[in-house]
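Report on the structure given below.
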Amino acid sequence: MHLVMSPQPGTEPARFRVVLDGQPPAGAAGLDVDAEGRGTLTEPRLYQLVRSPGPVVDHLFEITFLDPGAMAHAFTFG
């Protein structure tokens, strides 16, 4: 799962946290988050949030922005 995000102009980097089914993503963490689901939005780009290590199944995904200034534009899958 990917999300195109950007910081609002003139703001500091924004921290965020993702969870799958209410838990940190651990082995399913994408390149832009750690195993605990922590990441930082630093520039406008596509952020990889989750990488499924096995078969793709249904999950509940949540993202929480911990700092102001984050702009989310589009989710992509695949």
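Screening residues 61-70 for salt bridge (charged side-chain N to carboxylate O under 4.0 Å, His left out) gives R15-D67 as the qualifying pairs, with residues at least two apart or on separate chains. Every pair tested for salt bridge (charged side-chain N to carboxylate O under 4.0 Å, His left out) that includes a residue from residues 49-58 fails, sequence neighbours excluded, so the list is empty.
Scanning all heavy atoms of the two residues, the minimum distance from A14 to P68 falls at CB-O, 4.0 Å. In terms of heavy atoms, P24 sits closest to A35 at CB-O, 3.4 Å. Nearest heavy-atom pair across H59 and V57 is CD2-O, 3.3 Å.
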Side chains of residues 70-78: which donor-acceptor partners sit under 3.5 Å, not counting sequence neighbours?
from	atom 1	to	atom 2	distance (Å)
H73	NE2	S6	OG	2.7

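Counting heavy atoms from C-beta on, the side chains of Y47 and T42 come closer than 4.5 Å. Side-chain contact between V50 and L20 is present, with at least one heavy-atom pair separated by less than 4.5 Å. Using a 4.5 Å heavy-atom cutoff, the side chains of P7 and P44 are in contact. D21 is not listed as a side-chain neighbour of F61, based on a closest heavy-atom distance of 4.5 Å or more. F16 places none of its side-chain heavy atoms less than 4.5 Å from the side chain of T64.
In this structure, CD on Q8 lies 10.0 Å from CG on L41, to the nearest 0.5 angstrom.
Counting only distance, with no hydrogens or angles, the side chain of S52 and the backbone of G54 share a donor-acceptor pair below 3.5 Å.
Scanning for ring pair (Phe, Tyr, Trp, His ring centres under 6.0 Å) contacts around F65 gives an empty result, with sequence neighbours left out. Not counting sequence neighbours, the partners of R38 by the side chain to side chain donor-acceptor pair (under 3.5 Å) test are D34.
Alongside L46, the hydrophobic cluster contains V4 (criterion: ILVMFWY side chains under 4.5 Å).
For the side-chain contact (heavy atoms from CB on, under 4.5 Å) test with I63, the passing option among V19, V18, V33 is V18; the others fail. Exactly one of R45, Q48, H2 qualifies for a side-chain hydrogen bond (donor to acceptor under 3.5 Å, both in side chains) with D32. That residue is R45.
The number of heavy atoms from other shown groups lying within 6.0 Å of CD (E12) does not exceed 12.
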